[in-house]
Novice: 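Please see the structure below; I have some questions.
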Amino acid sequence: PFLQHLADMKLEQLALEHIVPALRDHGFFYVDSFLGDEVGRMVLGQVKQMQCSGLLNDGQLAGRGLGVSKRHIRGDKIAWVSGTERGAEAINFLLKLIDKLVSLCIGRLGKNVIRERSKAMVACYPGNGAGYVKHVDNPNADGRCVTCIYYLNKNWNAKEHGGILRIFPEGKSYVADIEPLFDRLLLFWSDRRNPHEVQPSFATRYAITVWYFD
Ligand SMILES: O=C(O)CNC(=O)c1n[nH]c2ccccc2c1=O
Ligand SMILES: [Fe+2]
């Protein structure tokens, strides 16, 4: 169908003209309005529904290792989604689109083909000041090569809500502060090239992450 062909061309253009050069030169890239408002809202709705159904369980205990005396603030809550679950149709549509986009890029990034993808990790930071300490997603070559994060936060104002993803690109003199804005898709190399942190969040902060293995 003509519209599908048009969408495929746009995706290929995004991959070749923007993502591939950016991943090569800077190691990360984000695109806004990835799905468009209507479909983005459907994904957000399905994530909120998961939260209401209690599917988002506690991720990590924030402030761990600070001894039992410290009040433990709850960190991110997460759920692993394959996309085939009932009520995850819009999430599945997103995952298939990201799959297509990444496969368009990988061939041209000197990498071999993408072997597989993780399930989608739906994460919610509760907005109690919890964040995620500076880390590398894949420090020890576990096979993950690209991290993709789709943000779902409408009217996010980092000055008030915090929650910035700060990337410290290895060997670069700058840091990249990325706001977790609604319908924004971020891609970055999962290895030691991209240490990153989630700064304390003071509003509920939703994201869907997938990792690609080469
Ligand atoms: O949400 C973000 O902007 C970045 N988020 C991360 O870097 C991040 N990285 N690794 C994780 C592992 C388990 C649970 C949550 C996470 C997590 O939010
Ligand atoms: Fe991470």
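Ligands are counted one by one from 1 in listed order, and the atoms in each one are counted from 1 as well. These numbers come from the heavy atoms of this one structure, side chains and all, not from hydrogens, waters or symmetry mates.
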Novice: Quick one: look at Ile149 and ligand 1, take heavy-atom pairs under 4.0 Å, and tell me if it's side chain, backbone, both or neither.
Specialist: side chain

Novice: State, to 0.1 Å, how close Ala130 and Gly75 come at their nearest heavy-atom pair, and which atoms those are.
Specialist: CB-CA, 3.8 Å

Novice: Please work out, at 4.0 Å between heavy atoms, whether the side chain, the backbone, both, or neither of Arg205 comes within that distance of ligand 1.
Specialist: side chain

Novice: Which of the atoms of ligand 1 are close to Val198, meaning less than 4.0 Å from one of its heavy atoms?
Specialist: 1 (O), 2 (C), 3 (O), 4 (C), 5 (N)

Novice: Among the N/O/S atoms of Asp137, which is closest to the Fe ion (ligand 2)? Give the atom name.
Specialist: OD1

Novice: Hey, are the side chains of Phe213 and Ser118 touching, using non-hydrogen atoms and a 4.5 Å cut-off?
Specialist: yes

Novice: Quick check: of its N, O or S atoms, which one does His196 have closest to the Fe ion (ligand 2)?
Specialist: NE2

Novice: Ignoring angles and geometry beyond distance, decide whether Trp211 reaches within less than 3.5 Å of ligand 1 through its nitrogen or oxygen atoms.
Specialist: no

Novice: State the atoms of ligand 1, each with its element, that fall below the 4.0 Å cut-off from a heavy-atom position in Tyr151.
Specialist: 2 (C), 3 (O)

Novice: Are Met121 and ligand 1 in contact, using a heavy-atom cut-off of under 4.0 Å?
Specialist: yes

Novice: Just going by heavy-atom distances, which of Gln199, Arg166, His135 is nearest to atom 10 (N) of ligand 1?
Specialist: His135

Novice: Closer than 4.0 Å to some heavy atom of Tyr125 - which atoms of ligand 1 meet that?
Specialist: 17 (C), 18 (O)

Novice: Is Ile98 reachable from Leu35 through a run of hydrophobic residues whose side-chain heavy atoms are each under 4.5 Å from the next?
Specialist: yes

Novice: Heavy-atom contacts under 4.0 Å between Asp137 and ligand 1: side chain, backbone, both, or neither?
Specialist: side chain

Novice: Would you say Asp76 and ligand 1 have an N/O pair spaced under 3.5 Å apart?
Specialist: no

Novice: Is the shortest distance from a Lys or Arg side-chain nitrogen in Lys154 or Asp37 to a carboxylate oxygen in the other one below 4.0 Å?
Specialist: yes

Novice: Is Leu14 linked to Tyr212 within one hydrophobic cluster, defined over Ile, Leu, Val, Met, Phe, Trp and Tyr using a side-chain heavy-atom separation of less than 4.5 Å?
Specialist: yes

Novice: Are any of the side-chain nitrogens in Arg144 or Asp137 under 4.0 Å away from the carboxylate oxygens of its partner?
Specialist: no

Novice: Is the ring pair Tyr132/Tyr125 parallel, tilted or perpendicular, if the boundaries are 30 and 60 degrees?
Specialist: perpendicular

Novice: Does a donor on one side chain sit under 3.5 Å from an acceptor on the other, for Asp183 and Tyr150?
Specialist: yes

